[in-house]
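First up is the structure itself, then whatever we jot down about it.
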Amino acid sequence: MHIPFCMKKCHYCDFLSAPADENTKERYIEALKKEIFLYREDLKENIISTIFLGGGTPSLLKEKQIKEILDAIFETYFIKKGAEITIEANPETLTKEKLKIYKEAGINRLSIGLQSTEEEQLKRLGRIHTYEKFLESYTLAREVGFENINVDLMSALPFQTKEEWEETLRKIVNLNPKPEHISAYSLIIEEGTKFFKIKEQLSFPDEEEDRQMYWKTKEFLEREGYHRYEISNYALPEKESRHNQTYWTLGEYLGLGLGAASYWNGSRFKNTENLQEYFAFFENNMIKELSELQKEVHILSKEEKMEEFMFLGLRRMKGISEKRFLNLFQKDIMEVYREKIEKGVQIGVLWRKDGRIGLTERGIDISNMVLTEFLF
């Protein structure tokens, strides 16, 4: 579920999001509830196992609006008992009352966007919160009973030193109790962002320092009981993100809301990114075909599905299953990728063991290069 609103755009953000007034938000919630209802027939045979409210900043909405969205989902679809239900949150927008309503509405996992514990870095990133506000929000979440919290962190920031990054990691794992999950990404400067426009005025850690930060993250978090289960994601035992695993294992998912992307019935498609077009689709009370809302529809060929299976699955530390490849595509993986796999193993960027194939530590360092080898 995409909530495309935020208080202000962060300097590194290229996501589909923007500030909005209360009337726009209310119209959006009404449209989103109608979109949920439109898929009732398509999903009537399905069991929903994860729900993810992402953004933008979903926690910017009023708590009653979040409850309305979830009530619509629960009333329309069959939700698996114990389903993982996550909401992304900015520390500045959380209150005890909001957190209580989230719990009552069925949300059982918080993903808090912190990025850094250093105040100067937060200002430089254009974040609206302070570290102190994060600590307050984190404590409130624990008080109301949240037992599964992810914290987003970002390394290789402008002017950031390795020592500052280590201090951020140290502060987070010293929380009591420590977060169940940590996502730790390197900053990527995307075209169209404020950082892209002023990048010549900024000083970033070089590639070697970036890799040192990455390996320090793994070493430090593993010492603290976390295991790296995907290139940039770390979890305490049994606390991996079930929702994200769907993406990495070529599972099906449905994206609802402005610009939301889906992989459904063998096709990839996304909703319109034009907010007025999205509103118009739902507000004139005419029965319409979902195909009018869905853009860039692409039915994946068998070869493209195999590509994505490899490209996404190899991001996981457990790699991909040769047996699952055979079951999905009725082909032996070595028949399709023998040369690439054998070469990867020979030069030390891939391992192959017990029916699985994955990236070695060296392969992770040049993962983009290795993964593109599996594109036809």
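All heavy atoms count here, side chains included; hydrogens, waters and symmetry mates do not.
- The pair Glu166-Lys162 does not meet the salt-bridge criterion, since no charged nitrogen lies less than 4.0 angstrom from a carboxylate oxygen.
- Of the possible donor and acceptor atoms, none in the side chain of Asp14 sits under 3.5 Å from a partner among the backbone N and O of Thr193.
- In plain terms, the two heavy atoms of Gly225 and Pro237 that are nearest each other are O-CD, 3.9 Å.
- At a threshold of 4.5 Å between non-hydrogen side-chain atoms, the residues Ile149 and Arg142 count as touching.
- Under the 4.0 Å criterion applied to side-chain N and carboxylate O atoms, Glu361 and Lys218 are assigned as salt-bridge partners.
- Between the side chain of Tyr278 and the backbone N or O of Tyr28, no donor-acceptor pair lies under 3.5 Å.
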Kindly list each side-chain donor-acceptor pair under 3.5 angstrom involving residues 308-315, sequence neighbours excluded, with atom names and distances?
unit_1: Glu308; atom_1: OE1; unit_2: Arg268; atom_2: NE; d: 2.9
unit_1: Glu308; atom_1: OE1; unit_2: Arg268; atom_2: NH2; d: 2.3
unit_1: Glu308; atom_1: OE2; unit_2: Arg268; atom_2: NE; d: 3.0
unit_1: Arg315; atom_1: NE; unit_2: Glu230; atom_2: OE2; d: 2.5
unit_1: Arg315; atom_1: NH2; unit_2: Glu230; atom_2: OE2; d: 2.6

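- Other residues, nucleotides and ligands contribute at most 12 non-hydrogen atoms within 6.0 Å of the CE atom of Met7.
- Counting heavy atoms from C-beta on, the side chains of Lys64 and Ile101 never come closer than 4.5 Å.
- Every pair passing salt bridge (charged side-chain N to carboxylate O under 4.0 Å, His left out) that includes a residue from residues 85-103 is listed here, sequence neighbours excluded: Lys96-Glu143.
- Residues meeting the side chain to side chain donor-acceptor pair (under 3.5 Å) test with Glu30, sequence neighbours left out: Lys33.
- A donor-acceptor pair is defined here as one N or O able to donate and one able to accept, closer than 3.5 Å; such a pair exists between the side chain of Glu84 and the backbone of Arg242.
- For Lys25 (side chain) and Leu61 (main-chain N/O), no donor-acceptor pair under 3.5 Å exists by modelled atom type.
- Using modelled atom types, no side-chain atom of Ser232 and backbone atom of Tyr185 make a donor-acceptor pair closer than 3.5 Å.
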Residues 113-120 side chain polar contacts: donor-acceptor under 3.5 Å, at least two apart:
unit_1: Ser116; atom_1: OG; unit_2: Glu118; atom_2: N; d: 3.0
unit_1: Thr117; atom_1: OG1; unit_2: Thr168; atom_2: OG1; d: 3.0
unit_1: Glu119; atom_1: OE2; unit_2: Tyr131; atom_2: N; d: 3.0

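- Inspection of the Lys9 and Ser17 side chains reveals an N or O donor paired with an N or O acceptor under 3.5 Å.
- For Lys178 and Glu224, the salt-bridge test passes: some basic side-chain N is under 4.0 Å from an acidic carboxylate O.
- The nearest pair of heavy atoms linking Ala31 to Phe282 is CB-CD1, 3.7 Å.
- Applying the salt bridge (charged side-chain N to carboxylate O under 4.0 Å, His left out) definition to pairs two or more places apart or across chains, those involving residues 316-335 are Glu322-Arg352.
- Counted within 6.0 Å of NZ on Lys123, heavy atoms from surrounding residues, nucleotides or ligands total 12 or fewer; the atom is thus considered open.
- At least one side-chain heavy atom of Leu99 sits under 4.5 Å from a side-chain heavy atom of Leu94.
- Put simply, Ile3 and Phe74 are part of the same group of oily side chains (I, L, V, M, F, W, Y) that touch within less than 4.5 Å, one to the next.
- For Asn90 and Thr93, the side-chain atoms include no donor-acceptor pair closer than 3.5 Å.
- In this structure Asp365 satisfies the salt bridge (charged side-chain N to carboxylate O under 4.0 Å, His left out) test together with Arg211, sequence neighbours excluded.
- Hydrophobic cluster membership for Phe196: Tyr12, Leu125, Met154, Leu157, Phe159, Leu187, Ile189, Phe195, Ile198, Leu202, Phe204 (Ile, Leu, Val, Met, Phe, Trp, Tyr linked by side-chain heavy atoms under 4.5 Å, directly or transitively).
- The local environment of CD in Glu132 is sparse, with at most 12 non-hydrogen atoms from other residues, nucleotides or ligands closer than 6.0 Å.
- When side chains are defined from C-beta on, Pro179 counts as touching Ile172, because their heavy atoms get closer than 4.5 Å.
- Under a hydrophobic-cluster definition in which Ile, Leu, Val, Met, Phe, Trp and Tyr are linked whenever side-chain heavy atoms come within less than 4.5 Å, directly or via other members, Leu326 and Val336 are assigned to different clusters.
- Within the structure, the salt bridge (charged side-chain N to carboxylate O under 4.0 Å, His left out) test picks out the following pairs touching residues 69-82 (sequence neighbours left out): Lys67-Asp71.
- Between Ser111 and Asp152, the shortest heavy-atom distance links the atoms OG-OD2, 4.0 Å.
- Leu70 places none of its side-chain heavy atoms less than 4.5 Å from the side chain of Tyr102.
- A donor-acceptor pair under 3.5 Å is absent between the side-chain atoms of His129 and the main chain of Phe134, judged by distance alone.
- Shortest non-hydrogen contact noted between Ala260 and His2 is CB-CB, 4.3 Å.
- Atom CD1 of residue Ile128 and atom OG1 of residue Thr57 lie 6.5 Å apart, to the nearest 0.5 angstrom.
- In the hydrophobic cluster analysis, where Ile, Leu, Val, Met, Phe, Trp and Tyr join through side-chain heavy atoms closer than 4.5 angstrom, Ile47 is grouped apart from Ile85.
- The 12-atom threshold is exceeded at CZ of Phe279, counting heavy atoms of other residues, nucleotides or ligands nearer than 6.0 Å.
- Thr217 OG1 to Glu222 CD: the interatomic distance, rounded to the nearest 0.5 Å, is 11.0 Å.
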Worksheet item: Going through the distances and angles, do Ser186 and Asp210 end up as a side chain to side chain donor-acceptor pair (under 3.5 Å)?
Response: CA-CA 7 Å; Ser186 293; Asp210 181 21; 2.9 Å; yes

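- Remark: side-chain polar atoms of Ser367 are not paired, donor with acceptor, to backbone N or O of Gly363 under 3.5 angstrom.
- Heavy atoms only, all atoms of each residue included: Ile107 and Phe146 are closest at O-CE2, 3.5 Å.
- No donor-acceptor distance shorter than 3.5 angstrom exists from the side chain of Thr24 to the backbone of Ala20, with no hydrogens or angles considered.
- Within a 6.0 Å radius of CG in Leu328, other residues, nucleotides and ligands contribute more than 12 heavy atoms.
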Worksheet entry | Residues Glu35, Asn271; criterion side chain to side chain donor-acceptor pair (under 3.5 Å); working and verdict | CA-CA 11 Å; Glu35 187 181 3; Asn271 283 351; 2.8 Å; yes

Result block: side-chain N/O donor-acceptor pairs under 3.5 angstrom for residues 341-351, not counting sequence neighbours:
unit_1: Glu342; atom_1: OE2; unit_2: Arg338; atom_2: NH1; d: 3.1
unit_1: Trp351; atom_1: NE1; unit_2: Leu359; atom_2: O; d: 3.2

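- Of all heavy-atom pairs between Glu304 and Ile299, the closest is OE1-O, 3.9 Å.
- Inter-residue side-chain proximity for Leu254 and Tyr39 is flagged as met; some heavy-atom pair is nearer than 4.5 Å.
- In this structure, the side chain of Asn148 does not engage the main chain of Ser241 through any donor-acceptor pair within 3.5 Å.
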List the atom pairs, donor and acceptor, that lie under 3.5 Å between side-chain atoms in residues 48-56 and the rest of the protein, sequence neighbours left out.
unit_1: Thr50; atom_1: OG1; unit_2: His243; atom_2: ND1; d: 2.7

Discussion item. Run Gln65 and Glu26 through side chain to side chain donor-acceptor pair (under 3.5 Å) and show every step you take.
Written reply: CA-CA 8 Å; Gln65 293 172 321; Glu26 194 58 47; 3.0 Å; yes

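- Partners of Phe269 by ring pair (Phe, Tyr, Trp, His ring centres under 6.0 Å), not counting sequence neighbours: none found.
- Applying the ring pair (Phe, Tyr, Trp, His ring centres under 6.0 Å) criterion to His181, with sequence neighbours excluded, gives Tyr229.
- Hydrophobic clustering of Ile, Leu, Val, Met, Phe, Trp and Tyr side chains at less than 4.5 Å, counting indirect connections, keeps Phe37 apart from Ile79.
- Residue Glu252 places its CD atom among more than 12 non-hydrogen atoms of other residues, nucleotides or ligands, all under 6.0 Å distant.
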